[in-house]
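These notes are about the structure you will find just below.
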Amino acid sequence: MMGGDLGCESEPGAGAAFILSLPLKPAQAPPVPLRPAPKDAVAAAPAAEAAPRRLRILAADDHPTNRRVVELILDSTAFDLVSVENGAQAVEAYRAQTFDLVLMDMQMPVMDGLSAVREIRLHETVMGLPHVPVVMLTANALAQHLDEALAAGADRHMAKPFSVEDLLAMVSDLTAQTPQAAEFAA
């Protein structure tokens, strides 16, 4: 489906090697908002530049390969990524930490993504927290799935498989609108 090739080389008694080749295109990382220097630090060192602010992203998917793909796309030099296996873990992580974006699969064991999004929105309301964007990253791509995601409180829906460019563009777009990112914009 991705235009790649899968091969195998085997030698009796020595083992086998499986080779996967994918024609991936280089992608640009989204711009990262900058954290302003404290006012007293500006007076003491006016030439110093602000350090980039690392965006915090929560990714929930029950499939380890899907989590790994997201980890590879969202380079750890620009993002702090917390990956969990189900909706219950996502809700627990969301209650314990602050995130700029949530990427949520729809179908997971223990607690599905729609229930997890509802719990996240309820937590935001009860605690008076700002609205954090939630993207449903799912193989469920029918119109009814999009409607269910939006009704649960998701902001966007992205069907799997998705392109690196599309995911990075969505992350950039949604995190540029978060109160956390706006607070640190240069």
Side-chain angles (χ1 to χ4, degrees), residues 1-33 52-94 97 99-117 120 132-150 152 154-176:
M1 288 176 58
M2 296 176 70
D5 185 47
L6 180 62
C8 176
E9 296 174 1
S10 178
E11 187 175 320
F18 297 89
I19 301 103
L20 173 65
S21 302
L22 294 174
L24 301 177
K25 301 174 197 169
Q28 298 259 344
V32 179
R53 179 183 179 276
R54 294 167 60 86
L55 295 171
R56 297 191 44 78
I57 299 174
L58 173 61
D61 197 305
D62 61 318
H63 198 285
T65 301
N66 293 341
R67 287 193 309 274
R68 184 66 181 140
V69 167
V70 170
E71 289 168 7
L72 290 170
I73 292 172
L74 300 178
D75 183 4
S76 63
T77 60
F79 303 100
D80 286 328
L81 182 67
V82 174
S83 294
V84 296
E85 298 178 9
N86 61 58
Q89 290 176 351
V91 171
E92 182 179 323
Y94 191 85
Q97 301 174 47
F99 292 96
D100 298 304
L101 179 66
V102 177
L103 305 174
M104 184 79 67
D105 189 15
M106 276 181 109
Q107 292 183 314
M108 294 180 287
V110 183
M111 178 186 283
D112 66 86
L114 296 174
S115 297
V117 172
I120 286 171
V132 171
V134 175
V135 176
M136 301 304 288
L137 289 182
T138 179
N140 296 352
L142 298 176
Q144 83 179 54
H145 299 133
L146 173 60
D147 293 343
E148 290 171 350
L150 296 175
D155 298 280
R156 303 262 181 102
H157 182 278
M158 182 175 275
K160 297 175 189 173
F162 49 83
S163 74
V164 172
E165 294 85 3
D166 288 346
L167 180 61
L168 290 175
M170 183 176 291
V171 168
S172 178
D173 180 46
L174 289 174
T175 58

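When a residue number appears, it is its place in the shown sequence, counting from 1. Note that the structure is a prediction, hence the values are computed from the model and not measured.
Put simply, CG on L146 and CZ on R156 are 11.5 Å apart, with the number rounded to the nearest 0.5 Å. Atom CG of L103 and atom CG of N66 lie 12.0 Å apart (nearest 0.5 Å). Here L72 contributes atom CG and R67 contributes atom CZ; the two are 13.0 Å apart, rounded to the nearest 0.5 Å.
With contacts defined as side-chain heavy-atom distances shorter than 4.5 Å, the pair T138/H157 qualifies. The side-chain heavy atoms of V102 and I57, taken from C-beta on, include no pair separated by under 4.5 Å. T175 places none of its side-chain heavy atoms less than 4.5 Å from the side chain of F99. Between L101 and V171 the shortest side-chain heavy-atom distance falls below 4.5 Å. At least one side-chain heavy atom of L114 sits less than 4.5 Å from a side-chain heavy atom of M106.
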Determine all donor-acceptor pairs shorter than 3.5 Å in which one atom belongs to a side chain in residues 82-91; sequence neighbours excluded.
from	atom 1	to	atom 2	distance (Å)
S83	OG	E71	OE2	3.2
N86	OD1	A88	N	3.0
N86	OD1	Q89	N	2.8
Q89	OE1	E85	N	2.7

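Residues G113 and M136 approach most closely at C-CE, 4.0 Å, considering heavy atoms. In plain terms, the two heavy atoms of P133 and D100 that are nearest each other are CD-O, 3.4 Å. Looking at every heavy atom in both residues, L167 comes nearest to I73 through CD2-CG2, 3.8 Å.
Within a 6.0 Å sphere centred on CD of Q144, heavy atoms belonging to other residues, nucleotides or ligands number more than 12. By the neighbour-count criterion of 12 heavy atoms within 6.0 Å, atom CD of E92 is sparsely surrounded, having that number or fewer from other residues, nucleotides or ligands.
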Apply side-chain contact (heavy atoms from CB on, under 4.5 Å) to residues M104 and L137 and explain how you reach the verdict. CA-CA 6 Å; M104 184 79 67; L137 289 182; over 6 Å; no
Show your reasoning for whether side-chain contact (heavy atoms from CB on, under 4.5 Å) applies to M170 and L174. CA-CA 6 Å; M170 183 176 291; L174 289 174; 3.7 Å; yes
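Applying the salt bridge (Lys or Arg N to Asp or Glu O under 4.0 Å) test to D155 and every residue at least two apart in sequence or in another chain returns R121.
Within the structure, the salt bridge (Lys or Arg N to Asp or Glu O under 4.0 Å) test picks out the following pairs touching residues 103-116 (sequence neighbours left out): D105-K160.
The backbone N or O of D80 sits nowhere less than 3.5 Å from a side-chain atom of R56 that would complete a donor-acceptor pair. Looking only at distances, no side-chain donor or acceptor of S172 sits under 3.5 Å from a matching main-chain atom of L168.
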